[in-house]
Amino acid sequence: MSFREFLKPEVVVEEEVSPEYEVAAILHRNQERTVLFNRVRGSELRVAGNVVASREGMCRALGTDVGGYLKHVAEAERRRGRLVEVEAEEAPAYQRASSLDALPVLKHYRGDAGRYITSGVVIAEDEELGRNASVHRMLVLDSSKMVIRLVERHLHTYYTRALERGEPLEVAVAVGVHPAVMFASAYPLELRRDELEFASAILQKPLRVVRGRRVGVMVPADAEVVIEGRITPEMHPEGPFTDITGTYDSVRLQPVVEVLGVYHREDAIYHALLPAGVEHRLFMGMPREPGIYVKASEVARVRQVALTTGGCSWLHAAVAIEKRAEDEPRKVIEAVMEAHPSVKHVVVVDSDIDVFNPRELEFAIATRFQADRDMVVFRNMRGSSLDPSAQKSGRTAKLGIDATIPLGERDAHRRAEL
Ligand code: MN
């Protein structure tokens with residue numbers, strides 16, 4: 001389970017490129033293709049981006065396909081995975097000692113605060129809560145400090161608990177991991193469940209881990225790069241940063257990470273994850289779909305779920321159901337909003353509609369939806385801080401659209417056959 005075993009470059013850039021804007025621009029132009037950069041100015045490391053460049057690619061990485069994805073992951077969530085601890089000598093991640101300055105950390109967009117690490121899986125351990133792995137952006141401040149964006153989820157809890165004990169929180173940041181590890185780390189598991197173990201459960205293969213050199217946490221032994229450090233009580237402005245919507249996220253005071261050591265493989269490849277790019281959206285959006293599927297399945301026979309790409313893979317959900325009762329779409333709409341509170345618009349369609357095809361979705365809305373009958377509006381709901389149209393407080397209006405055919409009217413909707 002390594003990054004390089006999955007990596008299949010489709011474009012190889014041989015000429016030297018700048019980590020400032022140039023790598024990001026090339027990744028942006030080649031969103032559906034994996035790009036390998038052999039020479040990036042100022043670093044010995046190679047850089048790869050768009051490593052997972054499609055839904056099909058993500059499913060392949062997770063050992064499934066688009067049709068089987070939701071069940072595959074939902075079932076893996078009920079299994080236990082297995083970590084195998086290896087000795088330091090057997091861990092490629094620690095082959096070379098390096099420094100933060102030696103890494104090809106990118107500046108992506110004009111207006112971003114600076115150079116950001118965007119593909120870092122941050123691992124922490126807590127005596128009571130166990131291990132946690134989650135993905136966080138980190139702004140590099142200088143050769144020994146970064147500032148980390150901590151949304152108030154699990155790692156924030158670990159951090160707060162460490163501070164209450166009067167200690168900084170020791171972390172290891174793994175860059176360049178197998179997509180299943182990154183996916184699991186972006187998955188909304190419950191607190192106290194170990195995302196690294198979940199990655200192993202998804203692939204039904206053991207994950208090799210190694211004890212950190214200067215921090216008391218386990219690290220994927222086959223990572224390309226490892227940054228060890230501690231999250232301190234010191235705060236520093238973080239942002240602006242281009243997030244999943246492709247608009248600038250606001251500046252907030254966030255914790256400073258003091259870097260204790262940087263290590264990498266011989267011939268390491270740094271994973272560059274383009275903010276708001278296809279790969280970012282896949283890693284952020286797809287891990288939310290199985291939970292929506294499970295919740296919506298409590299009220300209807302669900303066939304497919306998509307956080308659609310036009311909705312930034314975050315704000316719009318489309319759910320295809322096999323409708324058995326007229327009130328099911330409405331129940332599905334509420335279940336989706338409960339399962340993924342960031343969602344803003346939900347469309348429910350019949351199972352003949354391909355939820356991954358925007359034209360099909362629009363067709364369903366055009367021919368099966370009546371606004372005075374099939375629409376439900378919610379006011380003043382908890383929403384996503386990433387939606388620039390939401391109120392400053394994060395409150396937002398939401399809309400559910402039932403674009404399913406009324407049960408008694410199937411004949412009028414029969415689609416022409418050739
Ligand atoms: Mn967690």
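Each ligand, and each atom within it, is numbered from 1 in the order the structure gives.
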Side chains of residues 171-181: which donor-acceptor partners sit under 3.5 Å, not counting sequence neighbours?
| from | atom 1 | to | atom 2 | distance (Å) |
| --- | --- | --- | --- | --- |
| His178 | ND1 | Ala180 | N | 2.9 |

Got a list of side-chain donor-acceptor pairs under 3.5 Å for residues 201-208, not counting sequence neighbours?
| from | atom 1 | to | atom 2 | distance (Å) |
| --- | --- | --- | --- | --- |
| Arg208 | NE | Asp222 | OD2 | 2.9 |
| Arg208 | NH2 | Glu90 | O | 2.8 |
| Arg208 | NH2 | Asp222 | OD1 | 3.3 |

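The distance cut-off of 2.8 Å around the Mn ion (ligand 1) captures these protein N, O or S atoms, sorted by chain and number: Asn132 OD1, His154 ND1, Glu195 OE2.
Looking at Ser351 and Glu322, their side chains do bring a donor and an acceptor atom within 3.5 Å of each other. With 3.5 Å as the limit, one finds no donor-acceptor pair spanning the side chains of Glu279 and Asn50.
Listed by first then second residue, pairs satisfying salt bridge (Lys or Arg N to Asp or Glu O under 4.0 Å) with a partner in residues 330-346 read Lys295-Glu338, Asp327-Lys331, Arg330-Glu334, Lys344-Asp387, not counting sequence neighbours.
Remark: aromatic rings of Phe241 and Tyr116 are close, center separation under 6.0 Å.
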